[in-house]
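Here is the naming used below: chain letters follow the sequence lines, and residue numbers restart at 1 for every chain.
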Number of protein chains: 2
Amino acid sequence: MAKSNYKISASTKSEAKSTAILEGAMKEFLAHGYAATSMDRVAKEAGVSKATVYSHFGDKENLFSAMIQNLVQDKFQMIMDLQQPELLEQDPKIVINNLASKILKNVQKNQDVQNLMRIIISESGRFPELAKAYVHNLAKPAINAIIQYFRSQSHLQIEDPEATARVMVGTLVYYVMLQEMLYGKDVLPLESDRVINTLSDLITRNHNSSQL
Amino acid sequence: MAKSNYKISASTKSEAKSTAILEGAMKEFLAHGYAATSMDRVAKEAGVSKATVYSHFGDKENLFSAMIQNLVQDKFQMIMDLQQPELLEQDPKIVINNLASKILKNVQKNQDVQNLMRIIISESGRFPELAKAYVHNLAKPAINAIIQYFRSQSHLQIEDPEATARVMVGTLVYYVMLQEMLYGKDVLPLESDRVINTLSDLITRNHNSSQL
DNA sequence: GTCTATACATCGATAGAC
DNA sequence: GTCTATCGATGTATAGAC
């Protein structure tokens, strides 16, 4: 029992260090990219020695990979919020407005999400498996949630729910990329409400015209 | 006259080296990113010594900046093709299909364009002025060309041409990013024609319904 | 397990010969 | 203008004490 406690204690201490290293790695990698991040800075940020970083994660590629996988799992919860039933029980025009607004605000206010997208794109050549993990665990569930909603609203007469979901997600992601990450705010200002309203108008237009 | 010829000849030789360096820089930077590219590899790729690279471009940041500006100017012509008059003189549904198809194929088949987008996003933090140059010289003209077409087709009854243009460009760019750069082809297969047709259907739906 | 100290390679940038 | 040779800094990774 004492032996078991000792083991648990040791394992817990080690886990605490691992967590600290992952947090330091996240901060450094997301801020500077893979190549420009040094293991010295990660170690200093985590409050451990460089040798400890290597004993926990083997090498730089492994640490980067673990940190991204960890972050992708974290952000998965954000996507699942899109399927809250109470969010989906209003007029379709309002539901789509709310969905789009929720996606937009989550990405816009969450610097980690933007930096994750940035580094996934940057390193998709060097780490193709991480790009696939991102698509499989974040992009795909988000798109599928929207497809599922479109399918549930047959009176919207959406001919191709899969392609329409891509239109919606693509519009929103590109908007944030251009405005926030590429400084489009200054060069090409455009209020987010206009994009959201245009999206929901286009998608629900059959529904509206049958009402009027 | 002989002196003038000598000057021109010398200037031409120097320009040839500059061009070779820029081409080497393009190959290396686009393939490996800014931080992971070494000046030694650029010099070897260009067939000159490293000192020559520095005498022409000062330092690494300067070389990178010059190479990106050069590439952005190159790709500008691609955008201008969108305004060919003969492309815009058919039924709106067909015109939008053609525009979308042209944008998509240009990005899809042109690896340089994808790599340029990738590195602009990657280095937008370190080189904000390059991101702004990209938006100003490529994204903005493309979006404006589409806005201009929408405005010219008043019978389409497009309420917000600016926002609708963003929907169109965002959908196409995100599609290529997800399918090509992030290996979505394998995880989330979707034919490009479905996306293009969905886009043109959504945008011209008012026009169609008034016809039927 | 965690540390300090260090090996070894490679980086950006420059000096000096031609 | 272009080269070879090299400097100093910094990178990844590890050896060895505790």
Side-chain angles (χ1 to χ4, degrees), chain A residues 2-25 27-29 31-68 119 122-123 126-127, chain B residues 3-29 31-68 119 122-123 126-127:
Chain A
K3 191 176 178 183
S4 178
N5 277 342
Y6 171 76
K7 269 188 176 175
I8 288 171
S9 173
S11 160
T12 302
K13 280 182 190 170
S14 190
E15 272 181 35
K17 296 245 174 190
S18 277
T19 309
I21 293 168
L22 281 175
E23 283 172 5
K27 184 171 178 182
E28 292 297 320
F29 280 127
H32 309 109
Y34 178 78
T37 292
S38 74
M39 297 296 263
D40 290 82
R41 290 183 62 94
V42 171
K44 176 174 277 185
E45 191 68 39
V48 300
S49 77
K50 191 162 57 169
T52 301
V53 176
Y54 277 93
S55 81
H56 277 248
F57 292 95
D59 62 10
K60 189 183 179 183
E61 287 196 5
N62 228 304
L63 173 61
F64 179 71
S65 193
M67 170 259 151
I68 293 286
I119 207 165
S122 307
E123 307 301 337
R126 197 196 303 259
F127 299 94
Chain B
K3 190 177 178 182
S4 177
N5 278 341
Y6 171 76
K7 269 187 177 175
I8 288 171
S9 173
S11 162
T12 302
K13 279 181 189 171
S14 190
E15 271 181 36
K17 297 245 174 191
S18 278
T19 309
I21 294 168
L22 281 174
E23 283 172 3
M26 186 173 87
K27 183 171 178 183
E28 293 297 320
F29 280 128
H32 309 109
Y34 177 78
T37 292
S38 74
M39 298 296 264
D40 290 83
R41 290 182 61 95
V42 171
K44 176 173 278 185
E45 192 67 39
V48 300
S49 76
K50 190 161 60 167
T52 300
V53 175
Y54 277 94
S55 82
H56 278 247
F57 292 95
D59 62 11
K60 189 183 180 182
E61 287 196 6
N62 229 303
L63 173 61
F64 179 71
S65 193
M67 170 258 151
I68 293 286
I119 206 164
S122 308
E123 307 300 338
R126 197 197 302 261
F127 299 94

Peer 1: Rounded to the nearest 0.5 Å, how far does CD of B/Glu45 lie from CE of B/Met26?
Peer 2: 10.5 Å
Peer 1: B/Lys60 has an atom NZ; how far is it from atom C1' of C/dC11, in whole Å?
Peer 2: 8 Å
Peer 1: I want to verify a distance call: between C/dA13, C/dG1, D/dG11, whose nearest atom is closest to the B/Lys50 side chain?
Peer 2: C/dA13
Peer 1: Quickly work out the A/Glu61 CD to D/dG11 C1' distance and round it to whole Å.
Peer 2: 15 Å
Peer 1: Measure CG/B/Leu63 against P/C/dC11 and give the value in whole Å, please.
Peer 2: 15 Å
Peer 1: Considering every strand and a 4.0 Å limit on heavy-atom distances, what is the contact class for A/Asp59: base, sugar-phosphate, or nothing?
Peer 2: sugar-phosphate
Peer 1: Expressed as a whole number of angstroms, how long is the span from A/His32:NE2 to D/dG11:P?
Peer 2: 11 Å
Peer 1: Students often get this wrong, so: under 4.0 angstrom with heavy atoms, is A/Ser38 touching a base, only sugar-phosphate, or nothing?
Peer 2: sugar-phosphate
Peer 1: Is any side-chain heavy atom of B/Asp40 closer than 4.5 Å to one of B/Lys44?
Peer 2: no
Peer 1: Between B/Arg41 (CZ) and C/dG12 (P), how many Å, whole number?
Peer 2: 11 Å
Peer 1: Give a yes/no verdict on a cation-pi contact between B/Lys60 and B/Phe29, requiring under 6.0 Å between NZ or CZ and the six-membered ring centre and an angle within 45° of the axis.
Peer 2: no
Peer 1: Less than 4.0 angstrom between a side-chain N/O of A/Tyr54 and OP1 or OP2 of D/dT14, yes or no?
Peer 2: no
Peer 1: Working to the nearest 0.5 Å, report the span between CD of B/Glu28 and CG of B/Leu63.
Peer 2: 11.0 Å
Peer 1: Find the distance A/Asp40:CG to C/dT6:P and express it as a whole number of Å.
Peer 2: 15 Å
Peer 1: Whether B/Thr52 contacts D/dT2 is assessed here as follows: a side-chain N or O lying under 4.0 Å from the phosphate OP1 or OP2. Is that the case?
Peer 2: no
Peer 1: By nearest nucleotide on DNA chain D, pick out whichever of A/Ala36 and A/Ala51 is the more 5' one.
Peer 2: A/Ala36
Peer 1: What integer distance in Å separates B/Ile21:CD1 from D/dC3:C1'?
Peer 2: 13 Å
Peer 1: Could you state the interatomic distance from OG (B/Ser122) to OH (A/Tyr34), rounded to the nearest 0.5 Å?
Peer 2: 15.0 Å
Peer 1: Whether the side chain of B/Lys17 and the base of D/dG1 hold a donor-acceptor pair under 3.5 Å is what I'd like checked.
Peer 2: no
Peer 1: Mind checking B/Ser18 for me? I need base, sugar-phosphate or nothing, with any heavy atom below 4.0 Å counting as a touch.
Peer 2: nothing
Peer 1: In whole angstroms, how far is the P atom of D/dT4 from the CE atom of B/Met39?
Peer 2: 17 Å
